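To start, the structure itself, in structure tokens.
Remember, predicted model here, so these are calculated numbers, not experimental data.
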Amino acid sequence: ISTKAGRQPDGTRCFQNSYLEKQLDKSLKNIKTDRINLFMLNKPKFQEIEKENLLYFFEKLKKKGKIQFSGIIIGDETNFSKIIERNEIDSFSVLFNLNNINQLSLINKIKEKKGLIIRSPLNSGLLSGKINFNTQFQKHDERSQYFTKEILKKKMIRIKSIQKKLKIKNSELLKFSMDFILSNQFISTVLIGCSSIHQLRQILLYHSDTTYLSKRIYNKALNYSKKISKKYK
């Protein structure tokens, strides 16, 4: 069982110890358990980790028996290399997918030291093969807030360029994107956000037919993603 805290309902971040523990206690009550296996902080900056003494806070929660393992979801990666080896942190969650390989250098540092959780493997659904240049997200869909028309256009240009280079059909994109992630044997967990039973069935269907990419195809995909990311920032 895993949960996270640090992002408030209005979208702002708060990492005060009292607030975080209050949110953790709320989760324990809601789930009807006395311990969370993995408790993660949702994108604190390195300065906030130091200011709020969050590593010591993790240790206190472990001693109280409220959490078994601790982790940090990385947003801004600045200075995070300084705490990768700290014993207080058991795992890190990093954004990594076929369309976003910017944190690869950080991943390479983490993979030898800690558990590594990959988030947004399908780039918020853009790598599902179901999204195109004209897609409009409904108001209740959080993606409508950060995928403006211009941002969506840039991301889709990159994706379509990758598909053309690697000869990936829309119907094959989800599977290739997941195979790309899982070809890295050092990854502990991949978090996939399903918002419907249909999507869950798609993922289960994919799982039954998992094939890892050859080293040649993986490197080709990785290198072209790097190239296209620089071209369309």
Side-chain angles (χ1 to χ4, degrees), residues 4 7 40 42-46 71-81 84 91-111 114-133 135 137 141-168 170 172-195 199 202-203 206 212-213 215 217-233:
K4 59 186 177 181
R7 185 174 186 266
M40 306 197 79
N42 194 354
K43 301 181 184 178
K45 293 183 179 179
F46 177 77
I72 292 177
I73 300 169
I74 299 177
D76 179 3
E77 63 181 277
T78 306
N79 290 322
F80 263 89
S81 57
I84 287 173
S91 66
F92 291 94
S93 179
V94 180
L95 175 65
F96 181 66
N97 56 58
L98 185 61
N99 195 34
N100 193 323
I101 45 81
N102 297 336
Q103 294 187 334
L104 187 60
S105 59
L106 187 63
I107 286 174
N108 288 330
K109 293 177 183 178
I110 294 171
K111 68 182 184 182
K114 304 288 181 180
L116 180 61
I117 299 172
I118 297 301
R119 61 186 177 86
S120 196
L122 299 178
N123 200 183
S124 298
L126 300 190
L127 292 167
S128 66
K130 306 291 186 181
I131 308 296
N132 58 51
F133 289 97
T135 296
F137 299 104
D141 190 324
E142 192 175 89
R143 291 175 295 182
S144 65
Q145 300 175 27
Y146 51 80
F147 282 156
T148 63
K149 188 174 182 179
E150 187 60 31
I151 290 176
L152 179 62
K153 180 181 177 181
K154 287 182 179 180
K155 287 183 177 291
M156 291 309 301
I157 287 175
R158 283 160 52 178
I159 291 172
K160 292 303 178 184
S161 297
I162 293 171
Q163 285 185 253
K164 183 177 180 180
K165 180 70 175 181
L166 301 175
K167 299 178 180 178
I168 308 169
N170 280 346
E172 301 168 339
L173 184 58
L174 185 151
K175 185 178 187 309
F176 188 94
S177 299
M178 291 303 298
D179 287 345
F180 175 77
I181 296 291
L182 293 175
S183 293
N184 296 288
Q185 299 299 313
F186 54 79
I187 291 173
S188 308
T189 303
V190 180
L191 293 179
I192 305 170
C194 296
S195 58
Q199 290 178 355
Q202 278 189 297
I203 295 301
Y206 157 77
Y212 301 123
L213 301 181
K215 189 173 183 179
I217 295 298
Y218 174 81
N219 287 333
K220 184 177 181 180
L222 183 67
N223 291 331
Y224 192 72
S225 181
K226 286 181 183 178
K227 180 180 178 179
I228 212 71
S229 293
K230 291 178 181 178
K231 186 175 180 180
Y232 300 104
K233 291 185 179 180

Could you walk me through whether Tyr212 and Gln185 pass side-chain contact (heavy atoms from CB on, under 4.5 Å), step by step? CA-CA 10 Å; Tyr212 301 123; Gln185 299 299 313; 4.0 Å; yes
What residues, two or more places apart in sequence or in another chain, satisfy side-chain contact (heavy atoms from CB on, under 4.5 Å) together with Ser225? Ile101, Ile162, Ser229
Residues at least two apart in sequence or cross-chain that pass side chain to side chain donor-acceptor pair (under 3.5 Å) with Asn97, listed by chain then number, are none
In chain order, what residues pass the side-chain contact (heavy atoms from CB on, under 4.5 Å) check against Ile157, with sequence neighbours excluded? Phe133, Lys153, Ser161, Tyr232
Residues passing the side-chain contact (heavy atoms from CB on, under 4.5 Å) test with Ser128, sequence neighbours excluded, are Lys130, Ile131, Leu174
Under the side chain to side chain donor-acceptor pair (under 3.5 Å) test, which residues partner Arg143, sequence neighbours left out? Asp141
Tell me if a side-chain donor or acceptor on Ser183 pairs with a main-chain N or O of Leu213 at a distance below 3.5 Å. yes
Is there a donor-acceptor pair closer than 3.5 Å between any side-chain N or O of Arg119 and the backbone N or O of Ile74? yes
Can you list everything that forms a side chain to side chain donor-acceptor pair (under 3.5 Å) with Thr135? Sequence neighbours excluded, please. Asn132
Mind checking side chain to side chain donor-acceptor pair (under 3.5 Å) for Lys4 and listing every partner two or more places apart, or none if nothing turns up? none
Taking only residues two or more places apart in sequence, or in another chain, which ones meet Thr189 in a side-chain contact (heavy atoms from CB on, under 4.5 Å)? Ile117, Leu191
Hey, can you pull the donor-acceptor pairs under 3.5 Å for the side chains in residues 217-224, sequence neighbours left out?
from: Tyr218; atom 1: OH; to: Asn184; atom 2: OD1; distance (Å): 3.0
from: Tyr218; atom 1: OH; to: Asn184; atom 2: ND2; distance (Å): 3.2
from: Asn219; atom 1: ND2; to: Lys215; atom 2: O; distance (Å): 3.2
from: Asn223; atom 1: ND2; to: Asn219; atom 2: O; distance (Å): 3.0

